[in-house]
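A short write-up of the structure that comes next.
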Amino acid sequence: MKTFEFYRFSSLPESCRRTRQALLLALGLLYLPICIANEHASQIHGFISQGYTYTSANNFHGDSQNNGSFDFREVGVNSSYRFNQRSFVSGQILSNKAGSSSNGDLSVDFLLLDYRLVTTNHTRTGIQIGRVKNPFGFYNETRDVPFTRPSIILPQSIYFDRTRDLTLSSDGLHVYSSLDLPSSVLRAQLQAARPRINSEKLENILFKTDTSNEFEAALSYIVKITWEQEGRGLNLALSLAQLNSDYISSGGNGMLRFSPRIFSLQYNTLNWSITGEYARRPFYFDNIPLLPEKQDGESYYLQATWRFTSRLCAVVRRDIAYLDRDDKAGSKREALTGGLTPAYSMFAKDWSLGARYTINTFWEVALENHWVHGTAWLPTEDNPPGQSTKEYWRLLTAQVSFQF
Amino acid sequence: MRAIRALMLLCVCPVLFSPIVQAQYIVTHPSNDTKHISASTLRAIFSMRINEWPDGTPITVFVLDKDSKQHDEFCKNVLQIFPYQLQRTWNRLVFSGSGQAPKRVKSIAEMKNSILSTPGAIGYLPEDTIDENIRILSVQ
């Protein structure tokens with residue numbers, strides 16, 4: 001029985017989608033030389049990182065037990081070209097390799113035209129059209145850029161890396177507006193776009209296996225309001241999203257809706273910052289076999305960063321994730337699956353401690369250790385069903401990054 | 001005894017005479033009409049939110065490397081923003097495709113040359129490099 005109405009778009013055939021993807025990639029690669037030609041109006045930036053991950057049990061970033069894994073690499077190049085003071089075009093190509101969970105293929109991360117509609121003394125309002133980054137939480141818009149993260153691995157309770165693909169960017173329209181206040185900035189962002197859903201990946205998360213049925217992205221929405229004090233003070237954000245996806249199945253079509261709400265708060269001083277985010281992550285499944293009608297996840301973390309010098313900083317964090325608020329201990333799921341799904345796979349409680357050192361303008365190194373209880377955010381591809389997992393485990397990771 | 005006192009003086013001297021970072025002044029291209037600016041507008045310019053002067057000339061922002069003491073001094077005492085907050089803003093703009101970063105120069109001399117040769121330019125310089133060719137902007 002349908003409990004809600006959706007606004008549906010008819011799904012594109014597979015061949016049409018692939019052509020659109022190839023076109024986007026070609027456009028992205030072609031316009032780089034145009035940018036190189038005109039130095040004044042254009043900029044090129046990028047990054048490369050290489051990581052090493054060792055886990056005492058379970059796999060993360062590839063085969064990380066035993067001798068550890070070097071299978072964690074991020075590469076990105078972006079450029080922008082400004083036509084005039086009202087408009088510019090920008091694009092980024094990305095490759096993310098993380099064990100079996102992310103294959104390192106080149107993809108167009110964003111490719112957009114930005115046009116400023118209205119400018120006054122204290123406000124700026126504009127639109128972005130094309131493939132735009134999804135704005136939610138403090139870190140999602142630049143989650144693949146190593147030196148913009150507070151730690152090597154983002155708080156997984158909110159920024160799950162195993163579903164990273166789904167969160168990166170969407171194709172459509174993004175409207176933004178900012179207001180300058182005496183010592184702070186207020187920003188609003190509104191997005192109506194189709195997310196990039198990798199059906200195979202989503203099926204692996206939900207069903208633990210690939211099926212012959214397909215998830216296809218439908219028009220989705222994100223709203224984000226930010227208030228940021230300049231200098232010592234607060235940084236507040238509220239992000240609301242509604243990600244819609246059709247479920248095409250021979251046994252009758254269905255729908256998936258994911259409506260996360262994220263409250264973000266940060267206090268900044270010269271030498272230290274405290275950051276906390278709280279998310280409610282409800283999933284609604286309509287007419288999808290084996291899945292309940294609703295599953296409401298809850299996540300939160302508290303993080304402290306200390307900047308010893310302009311080059312050296314340390315971070316400590318407590319990160320909690322529950323996949324189902326009504327089953328925080330996971331015992332209901334374990335009983336329901338006859339012990340196949342262990343209770344500890346329904347939550348993850350992580351203490352982490354890390355440090356980052358900036359060598360110069362280009363190079364940074366970072367090291368961190370996680371003490372984890374639970375496996376809620378373990379990537380299914382690195383830990384296929386059939387392989388045993390452990391309830392308590394440690395994750396040690398190091399990363400070198402280069403930026404320009 | 002005298003030797004010990006001499007040694008102590010030798011150790012203390014470098015600390016006493018270590019270079020103190022000079023105050024930084026906001027400087028613009030000589031053709032710029034604007035003489036005064038509010039602190040909030042100045043922050044909006046260096047955060048890349050405002051990109052043209054009231055007369056329509058595009059603003060080109062020049063900054064020193066984030067490691068430089070002059071940049072540190074400028075951020076904390078003139079802009080009244082932490083250097084890492086400004087860097088965070090530039091990173092977010094560049095890596096989400098929402099804007100461009102300011103132009104980075106390698107030295108104070110390069111900063112001065114860039115400002116003098118780029119109409120609409122804005123940057124910062126220490127007191128002893130300022131002469132009659134360059135225009136100073138004061139913060140209201």
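Throughout, a chain's letter reflects where its sequence line sits, starting with A, and its residues are numbered from 1. When reading the values below, keep in mind they use all heavy atoms of this one structure, side chains included, and skip hydrogens, waters and symmetry mates.
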Rounded at 0.5 Å granularity, tell me how far [atom1] in [X] sits from [atom2] in [Y].
X       : Y       : atom1 : atom2 : result
N51(B)  : R116(A) : CG    : CZ    : 5.0 Å
Q100(B) : Y81(A)  : CD    : OH    : 10.5 Å
L93(B)  : T142(A) : CG    : OG1   : 11.0 Å
T41(B)  : N121(A) : OG1   : CG    : 7.5 Å
N134(A) : S96(B)  : CG    : OG    : 11.5 Å
N268(A) : R88(B)  : CG    : CZ    : 5.0 Å

Pick from [options]: which one has the most heavy-atom pairs with chain B under 4.5 Å?
options                            : answer
H174(A), K133(A), H122(A), R124(A) : R124(A)
D114(A), V145(A), T148(A)          : V145(A)
Q85(A), Q403(A), E228(A)           : Q85(A)

Contact part of [X] toward chain B, heavy-atom cut-off under 4.5 Å: side chain, backbone, both or neither?
X       : value
Q229(A) : backbone
Q128(A) : side chain
R187(A) : side chain
R82(A)  : both
S183(A) : both
V132(A) : neither
R311(A) : side chain
S273(A) : side chain
F47(A)  : side chain
L270(A) : both
Q189(A) : neither
D144(A) : neither

Can you tell which part of [X] gets under 4.5 Å to a heavy atom of chain A, answering side chain, backbone, both or neither?
X       : answer
A101(B) : both
S38(B)  : neither
N91(B)  : both

Which pair of heavy atoms, one from [X] and one from [Y], lies closest together, and at what distance?
X       : Y      : answer
G97(B)  : S90(A) : O-OG, 2.9 Å
P182(A) : S40(B) : O-CB, 3.5 Å
F95(B)  : N78(A) : CD2-ND2, 3.2 Å

Sequence neighbours excluded, every pair satisfying salt bridge (charged side-chain N to carboxylate O under 4.0 Å, His left out) that has a member inside residues 38-65 of chain B: D180(A)-R49(B), E230(A)-R43(B), E230(A)-R49(B)
Is any side-chain heavy atom of R307(A) closer than 4.5 Å to one of Y84(B)? yes
Is a side-chain donor or acceptor of Q85(B) paired with a backbone partner of R232(A) at a separation under 3.5 angstrom? no
Atom OH of residue position Y25(B) - does it have more than 12 heavy atoms of other residues, nucleotides or ligands inside 6.0 Å? no
More than 12 foreign heavy atoms under 6.0 Å from CD of E127(B): is that the case here? no
